[in-house]
Structure formats: structure tokens, C-alpha cells
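Just so it is clear: chains get the letters A, B, ... in the order the sequence lines come, proteins before strands, and each one is counted from 1.
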Number of protein chains: 2
Amino acid sequence: MSKRITIKDIAKMSGVGVGTVSRVLNGGSVKPETRKVVMNAIKKLGYTPNVSARRLAGGKTMSILVLTPEIRTEFHWRLLESIDKTLDALDYQTVIYPVISQNRYNRLFNSNLFYEFDGVILCTLTYKKMFKKTPDFPVLILEDCEDKHDCVFLDNYYGGVLAAETLLERNIRNLYALYYDETSPLLSNENIIKRLEGFKDRLKEEDISFETDQLINADFFYGRPHERIIQILKTVERPGIFATTDNFAMNVLETAATLGKVPGKDFFIVGYDNQTWTERLELTTIKQPIEEMGEMASKLIVERIKNPELPVRHVKFQPSILRRKSA
Amino acid sequence: MSKRITIKDIAKMSGVGVGTVSRVLNGGSVKPETRKVVMNAIKKLGYTPNVSARRLAGGKTMSILVLTPEIRTEFHWRLLESIDKTLDALDYQTVIYPVISQNRYNRLFNSNLFYEFDGVILCTLTYKKMFKKTPDFPVLILEDCEDKHDCVFLDNYYGGVLAAETLLERNIRNLYALYYDETSPLLSNENIIKRLEGFKDRLKEEDISFETDQLINADFFYGRPHERIIQILKTVERPGIFATTDNFAMNVLETAATLGKVPGKDFFIVGYDNQTWTERLELTTIKQPIEEMGEMASKLIVERIKNPELPVRHVKFQPSILRRKSA
DNA sequence: CTGAAAGCGCTTACAG
DNA sequence: CTGAAAGCGCTTACAG
């Protein structure tokens, strides 16, 4: 809209051809002195390349599309921040496309959007629900796993194991688990299922039975104390609860506080996610290396872009337990 | 990445020049029959224009940048959905840029991004905190107000008035209000302040005093029942609470349920936002015409783009009260 | 109403 | 190491 500074302005000011400017921009071989002159001109004029022209010229677009269903949960914004920062350091621009509805999903697939980027990071979306056929562009899958693509994910199963061990060490035997059973067209609750499996398997190893009635569906948790939880807190002795998400744990903590029950004394609870508020409320929870995962994802997709022939890599991160007062 | 279909392919298939194809695409004058032939070719080949080329060619980019701090609260996704849908119908592409951090904010302003769009919608972000100087491109402000730009916003003051009236009609005199006092670099809580003002002014009209201790800062609400709320619910007779956000109301409802207090009988509460869950919990709340606002915003920005000389327009929407059992 | 051509800002062989 | 030139896919006056 206002007159933009182009590569030509830089070339003129530096007394070189546009090709040379382009080369310093893209890391071609340029005499160090020339590079310096050009860099100065760029800085002085505050030049930034026109992404559209770049795309069109068929070079790299130096930008990566991140598909995410969410941006504001702590998990997501930390992940996105980390991706953003890492990619920026690698000279890539991060464009976030929020897949918040079927509509947005459709528009994405009816557009050319994918081809305007060097690669795509699938953040927290289920691969199979997103892509009906294998995409012909680089895709990095974050928090899901698929043979044909690079993946970065957390060992959710192990997170469940950790939760079980933490409660067992406290010699707690009246165990419960909170999960939810949502079916969404784009998301799956597979991660939560895995946490649960890890939890149950670890109990099985100790010959501790875990029956259906110990598994509590928490899908109607919002805005209402859970009657089952009230009952458990009131009647069960030293109950131990594995909340497969900190959100569920928060609800339990609220209810318990209102009932005057003290976590770590009257009942025990382990959350999952290490959300910010958990420290203040002293919730024992499973921690994920969020920033490291975002960084790894960013690096892998860039490597893939630069070298499509690379073998497929799957990187699994291990969660850890953050012991606080609640268990 | 895969071979893309271009305007040339369409031209060849239709037996016309690329200019003509471009004209049918952009609504230039084309003979109806020619148009039909071209449209058929487009459909058959599944052609969609290359946005980058379009931008570069200096025509309209037919895409609008939406800046938002959030995508997943009900309010935001409904707003974004509505914008997306409306703009799509007007042949515009919606690109959402999540401003989730100072980092993302900086990158936005250090890039050319603004100039790759026909216009910008500022969704729920404080204008003055976003722009230090008046932007030289079309900006539509949603949920804030500024003289120089088109704005679409809700009459939050009136929302507060409605809340007061609803409680007064029930002849409730022990009144409280829940608000929060957050200072964020990009957001402001001005809307909540206005709701509160409307509430208090309406009380003043009835000569009902409202003291500082009736105003409850709810910023530490998450994960913990609010002691003040417990006290009020336990000791005050027929208390009436205005929750300036449904989220706060949810917290109160939870606490009350645990205490065995019945909304609409033991206490009264009015929320704000009409979030999905409020219906199920029968919360009386203030409703905003979200879809209408998104639609209006989209239409105004497009009109502005097409005619920059248009006088500035400010559109104020009125909230309404949704009476349910809680008040 | 329509075709041919210039130009948008960049990248990348191609020569040198 | 570097300049000149072609080309990316489109739009838009310019002729006709």
C-alpha cells in the first residue's frame, strides 16, 4: 500500500545487481565485503523481502504452515511459541492456520494454501482425520504418529505409568481415573487413552484390579461439581485419583476445597500437563518437555525440506513426574 | 510442489487468452458464453488461483488478515467462523494471525505481512496497544472503538444495565459483582469495566448503594473456590451476583452446588456471554449477537477496501438478557 | 468483449 | 564472485 522497498532499491544503493542481493539474502556465495555493503543497505532501508514474490519465483518460501486446533491453552501457546522462535532463528516464517471448524478445514483443502509453504507442521491434530491421502509436501506430525512422516510425540503411555507409580508409592489402593470420551471430527482422544493404558497396565503388574466403575468419564465436568467425585471424597478412605488432564484435576481440587478435604492428606491426585496454575495449588502432575518438542519439530521439518531424501524420523519424548503436595 | 494448474491451462482449454480468464475470475466484462466455457474449464481442472501471483500482480489480494488473541473460546470461534463465512461468500480469503505473545506481535510488525492483505480486522485486541501510529491500510476494529476507523462493538455498558435490572426485578438488594483486573500488554479489560459501570449506574438510579466490598476481584478464581463467595453464599440472604463473564459464574455455580445452594432460590446470578454450557446449567446471562457482529465487520471492511473514501462508520450492537432459572 | 504485452518482486541457471 | 536475463502466475491498461 505505501511504497515498498524492493530488492532493486537495495541493489541500487549497494551498487550491485539484484542477483547479488538475492544471493546475500539466500546464502549464496558472495564476497564478504560485498555482503557487508548489501547488509548495510538492507538495514538502513529497513528492507524485508516480499514473500509473495519469493513464493512465485519458485524458490523456497521460507515459511511453514502450522495447523492447530487451539492457541490459548498453555500447552498450545507454549508449543507454538517454541516453534515460532525456533523457525525464526532458522529464517523461516511461521503461519498458523487454526482449524477450528469443519468450515475452516474445508477451505484449507479447497485452497492452494499448502503449496504456498515449504512444509507443514500438524500440531495436535489427528493425522488420519486430517489427510485422506498422503500429502505430497513435507509434513511433520506433532503429538501423533504415522509411519510415512517425521513425528515428534510424547510417550503418553509412560506418563500413565508414572502416575500409577506415584500413587502406589504412597501406598494408595483405592484408585480412580478421570478421562473423557469425546468424539470430534478432527481430534481424537487417543493420547488420553494411552495415558490410561499405561496407568492400568502398571496397576496390573502389581496385581491391583481396576474395574470399570473406577474409571470416571469427565466430559460433563464443566460448571458443575461431579457427583461421583463428591461421593468418593466423602466416603472413600485415602482415594487416589489420576486426572488424565490437569483441567479435570482442577475441578476435583475445587470440589474438595469446598468440602474441606485436603489434597495429599484426605485424598491424593496426580494431574497431567503441568499447567501454570498447578504449582500454586501444589498439584502433583506429569510434565511434558513442551519447548523441546516444539524445537525438535521445527528442526526436523526444516531438515526434511532441505533434504527430502532423509529417512523418516520418529522422536519420542519422555514425560516426568513433578511431585508436589497432592500426591 | 506437484504440478499446479495455472491460468494458462484454463486459457488453453477454453480457447481464450489468459486476460479473459482473469477477467471472468475478477468480474470484468466478459461475454456470457465465454464466461460459461471458462467456468467449465475451471471446474473441470479444479483450478484455484495462485494467491502469491495475485498479490504480486498488484491486484487485490482478496484476502484479509484477522488479528486475534484467541481462537477457542466460544465467543472467539463463533466470531471467527462468522467472519470466515461472510468473507468467503464475498470471495475473500481469511487469514488468522494469532497474537499470542510479545514475540508474535514483534514479528508481525517487523514483517511485510500487513501489505500482503487488502485489509485487517482487529478482533478483540486493544487498538491503542496494537498500533502506535495510525496504519495506512484499511483496518476494522472489532470490540473496541477508535475515531479514525470503522468499528463494530457491543454496548457493554448497556449489558451491565440489563444485569442490574434483572436482579432488581427479582427484588434482590444484596448485590455483588465479579470482575477481574488484569493488565496485559495487548489486551485491556475495558469492556468489563464498562459492564460494571452500567451495572453500578443503574443501581444508583434506584438509590441503591454499591460499595467497594461488594466488588469482588476474581482474578484468582481458577482452580479454587473463592472464599468470599463461600462466605456470601453461606451467610447473606438472597444475594444477587453479577458475573461480568460466564466463566466467573461457572465457578460460583460449582461452589454453590457443592454447598447445596440452589441458584434462583438461595441465591441469584447473572452471567455475561451466553456460553454454550450456560443453557444446560440454566444460567441467566447477557447475550451478544456474535454472528451478526462478525458479519457486519466483514461487510464493512470489504466496503472500505472497495471505497476508501467512505465516511468512517461505528456500529454498536445491543446485548439482550437471556432469562433462565438463576435469576 | 478480448488478445497481446508489460510489469509486480523475486530466484536461479547462464555466462563471464 | 557477479551481472543480465528469463521466468514464476497473475492483473491491467492498451489496442483493437
Side-chain angles (χ1 to χ4, degrees), chain A residues 1-39 41-42 45-63 91 93 111-113 115-118 305, chain B residues 1-39 41-42 45-63 91 93 111-113 115-118 305:
Chain A
M1 320 202 158
S2 63
K3 249 273 269 55
R4 284 182 50 173
I5 292 149
T6 74
I7 204 172
K8 255 189 209 167
D9 300 314
I10 304 298
K12 198 174 295 170
M13 182 173 220
S14 318
V16 300
V18 295
T20 303
V21 176
S22 177
R23 263 167 235 124
V24 350
L25 252 26
N26 297 293
S29 49
V30 182
K31 190 162 33 146
E33 300 131 62
T34 319
R35 175 181 297 275
K36 205 166 283 178
V37 176
V38 172
M39 289 301 258
I42 290 177
L45 266 43
Y47 167 78
T48 54
N50 180 317
V51 183
S52 300
R54 258 192 177 165
R55 287 202 227 287
L56 227 208
K60 292 95 207 154
T61 70
M62 297 311 274
S63 55
D91 282 324
Q93 208 193 332
S111 73
N112 289 316
L113 216 55
Y115 298 101
E116 294 185 17
F117 296 88
D118 293 342
I305 289 164
Chain B
M1 319 204 160
S2 63
K3 248 273 271 55
R4 285 181 50 171
I5 292 148
T6 76
I7 203 173
K8 254 189 208 167
D9 300 314
I10 305 298
K12 198 173 295 171
M13 181 172 222
S14 318
V16 300
V18 294
T20 302
V21 176
S22 177
R23 262 168 235 123
V24 349
L25 252 24
N26 297 292
S29 50
V30 181
K31 195 166 26 152
E33 301 129 61
T34 320
R35 176 182 296 276
K36 205 166 283 177
V37 177
V38 172
M39 288 303 256
I42 289 176
L45 265 44
Y47 166 78
T48 54
N50 179 317
V51 183
S52 300
R54 257 192 177 166
R55 285 203 228 287
L56 226 208
K60 293 96 207 153
T61 70
M62 298 310 273
S63 56
D91 281 326
Q93 208 194 333
S111 73
N112 288 316
L113 215 56
Y115 298 100
E116 294 185 19
F117 296 88
D118 293 344
I305 289 164

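Ranking C/dC10, C/dG3, D/dT12 by closeness to the A/Tyr47 side chain, first place goes to C/dC10. Checked against D/dT2, C/dC8, C/dT11, the side chain of B/Leu56 finds its nearest nucleotide in C/dC8.
With hydrogens and angles left out, the side chain of B/Arg55 and the base of D/dG9 share no donor-acceptor pair within 3.5 Å.
If you measure from atom CG of B/Asp9 to atom P of D/dG9, you get 9 Å, rounded to the nearest angstrom. Counting to the nearest Å, the P atom of D/dC8 and the CD atom of A/Glu116 are 17 Å from each other. A straight line from CZ of A/Arg23 to C1' of D/dA4 spans 10 Å, rounded to a whole angstrom. If you measure from atom CD1 of B/Ile5 to atom P of D/dC10, you get 11 Å, rounded to the nearest angstrom. In this entry the distance linking CG of A/Leu25 with C1' of C/dC10 reads 10 Å, nearest Å.
In this structure, B/Asp9 and B/Thr6 approach most closely via the heavy-atom pair OD2-N, 2.8 Å.
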Walk me through it: do B/Leu45 and B/Ile10 pass the test side chain to side chain contact (heavy atoms under 4.5 Å, CB included)? CA-CA 8 Å; B/Leu45 265 44; B/Ile10 305 298; 4.0 Å; yes
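The side chain of B/Thr34 places no N or O atom within less than 4.0 Å of a non-bridging phosphate oxygen (OP1 or OP2) of C/dC1. Between C/dG9 and A/Thr6, no contact under 4.0 Å exists linking OP1 or OP2 to a side-chain N or O. Considering only side-chain N and O atoms, A/Asn50 lies nowhere under 4.0 angstrom from the phosphate OP1 or OP2 of C/dC10.
Between D/dT12 and D/dG16, the two C1' atoms lie 16 Å apart (nearest whole Å).
Using Watson-Crick or G-U wobble geometry with both donor-acceptor distances under 3.5 Å, D/dT2 finds its partner in C/dA15.
Taking 4.5 Å as the limit, some side-chain heavy atom of B/Leu25 sits within range of a side-chain heavy atom of B/Arg54. Residues B/Arg23 and B/Thr20 meet the side-chain proximity criterion, which asks for heavy atoms closer than 4.5 Å. The side-chain heavy atoms of A/Val37 and A/Glu33, taken from C-beta on, include no pair separated by under 4.5 Å.
Contacts between residues 12-20 of chain A and DNA chain C, counted as heavy-atom distances below 4.0 Å, involve A/Gly19.
Summarising the geometry, atom CE belonging to A/Met13 is positioned 11.0 Å from atom CD1 belonging to A/Ile42; distances are rounded to the nearest 0.5 Å.
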